[in-house]
Amino acid sequence: MKKYLIVIGFFLISFLNTASVAASEFAGLNSDHKSHNLDDLSRGNIKEFKDSYIPKEYFPTPEYMVFVDLGVLFLLLLVGLFFVLKRKSQRAMSILAIISFAYLGFIRGGCVCPVGAISNTTMGIINPAQIGLASFIIFMIPLLIALIAGRVFCTSGCPLGAVQHMLQKKKKFKKLPAKLNKALKIVPILMLIATIYYAIQSSCFLICQLEPYKVIFFTGQTWFEQALAFIMGNPLEPVFMVAFGIVTWIYLILVLALGYWVPRPFCRFLCPYGVLLGIVSYFSFKPRRIVNDSCVHCGMCEKVCPTQAIVIDRNLKFSSLSNYDCVQCNKCAFSCKKNAIN
């Protein structure tokens with residue numbers, strides 16, 4: 001019963017967060033129509049602040065950085081592909097996840113975003129002027145890698161997946177009942193349909209409202225830019241800026257807490273890009289599979305799999321692995337003492 005409540009709570013928190021963001025935007029629109037008196041001390045001495053304020057010079061991110069990001073993403077995926085094909089240790093994949101989080105997430109603000117990629121590409125198909133070549137490449141590269149060896153991107157190249165990979169419980173995490181886990185797979189499919197629909201209808205990044213990790217990325221990027229500007233002798237605002245409000249931060253904390261016990265909740269239960277990766281991975285040239293002739297059905301791989309992609313039937317002495325769900329973290333291959341996973 002507790003497992004059911006945990007997952008239900010995750011979805012309730014997600015949709016409450018969306019409602020909160022929408023309400024904030026609505027309130028902001030209404031407030032734009034109201035004029036404020038500069039002598040209104042209830043909002044601080046605005047006139048004095050206005051007269052003495054000297055804005056800091058801001059240097060926008062160079063356009064060439066998008067190509068640097070593409071290069072980093074491509075390199076991470078190539079190295080991840082090598083580790084997956086060679087079935088190297090899970091530590092190697094964890095290092096790639098840390099690099100992905102540090103650069104693509106913390107430094108670059110989650111700019112390689114699988115969530116936004118779907119909306120960007122959808123809007124670009126309708127109106128090519130709305131999407132650049134770089135955005136389309138970001139959308140396609142993980143899918144092409146998935147066609148070779150599955151969802152390598154989810155662990156080694158996705159900053160969202162990296163956060164969940166790093167902060168999950170290492171051992172004895174919670175497994176959902178098989179029927180519930182199977183039923184919940186319909187939710188990301190619905191999210192994919194809804195994301196495409198709203199991108200077409202109103203250029204809205206629907207699923208981005210439910211993605212909790214942007215709080216870390218945006219705040220981290222701001223702190224990094226402040227520190228870099230200070231070192232370069234051109235300091236920005238002399239305060240620690242924090243992205244978003246308290247509700248969004250609480251939402252993040254709750255999702256991180258859930259992700260500690262139930263691995264990768266966003267990847268498994270909401271991410272629409274994971275659906276596309278899963279479908280392509282199903283037809284990959286080098287799928288991960290269990291050799292039943294070598295497998296002793298001990299269950300070690302099943303215990304460490306964070307996405308419940310492995311199912312072992314000891315009565316029938318049969319083990320199966322779903323490449324649709326597998327995120328190529330290499331934990332199963334590393335745990336197998338019989339080298340039955342290749």
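Residues take their numbers from the sequence shown, with the count starting at 1.
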Would you compute the distance between atom CD1 of Ile107 and atom CD of Glu225 and round it to the nearest 0.5 angstrom?
10.5 Å
Which residue in the set Arg288, Gln90, Arg91 passes side-chain hydrogen bond (donor to acceptor under 3.5 Å, both in side chains) when paired with Asn330?
Arg288
Counting only heavy atoms not in Phe173 (residues, nucleotides, ligands), do more than 12 fall under 6.0 Å from its CZ?
yes
Please report the closest heavy-atom contact between Ser284 and Gly150, naming both atoms and the distance.
CB-N, 3.8 Å
Nearest 0.5 angstrom please: Thr155 OG1 to Leu77 CG, how far?
11.0 Å
In Å, rounded to the nearest 0.5 Å, how long is the span from OG of Ser119 to CD1 of Ile200?
10.0 Å
In Å, rounded to the nearest 0.5 Å, how long is the span from NZ of Lys185 to OG1 of Thr307?
8.5 Å
Are the side chain of Tyr103 and the backbone N or O of Leu73 linked by a donor-acceptor pair below 3.5 Å?
no
Calculate, to the nearest 0.5 Å, the distance between atoms CG and OG belonging to Leu76 and Ser100 respectively.
6.0 Å
Measuring only between side-chain heavy atoms, which start at C-beta, is Asn339 closer than 4.5 Å to Ser294?
no
Name of the residue among Val311, Ile312, Asn292 meeting side-chain contact (heavy atoms from CB on, under 4.5 Å) with Phe318:
Asn292
At what distance, to the nearest 0.5 angstrom, does OG of Ser156 lie from CG of Leu78?
9.5 Å
Looking only at heavy atoms, the pair that brings Cys301 and Ile341 closest together is CB-CD1, 3.8 Å
Compare every heavy atom of Met93 with every heavy atom of Phe83, then report the nearest pair and how far apart it is.
CB-SD, 3.7 Å
Any donor-acceptor pair under 3.5 Å linking the side chain of Gln164 with the backbone of Gly259?
no
Take atom OH in Tyr324; do more than 12 heavy atoms of anything else shown fall under 6.0 Å from it?
yes
Taking side-chain hydrogen bond (donor to acceptor under 3.5 Å, both in side chains) as the criterion, tell me which of Lys182, Arg264, Arg268 meets it with Gln308.
Arg268
Can you see which heavy atom on Asp325 is nearest to which on Ala309, and at what distance?
CB-CB, 3.7 Å
Do you know the tightest heavy-atom contact between Cys326 and Leu321?
CB-CD2, 4.1 Å
Donor-acceptor contact present, side-chain Arg289 to main-chain Ser322, <3.5 Å:
no
Parallel, tilted or perpendicular: which describes the rings of Phe101 and Phe217, with under 30° parallel and over 60° perpendicular?
tilted
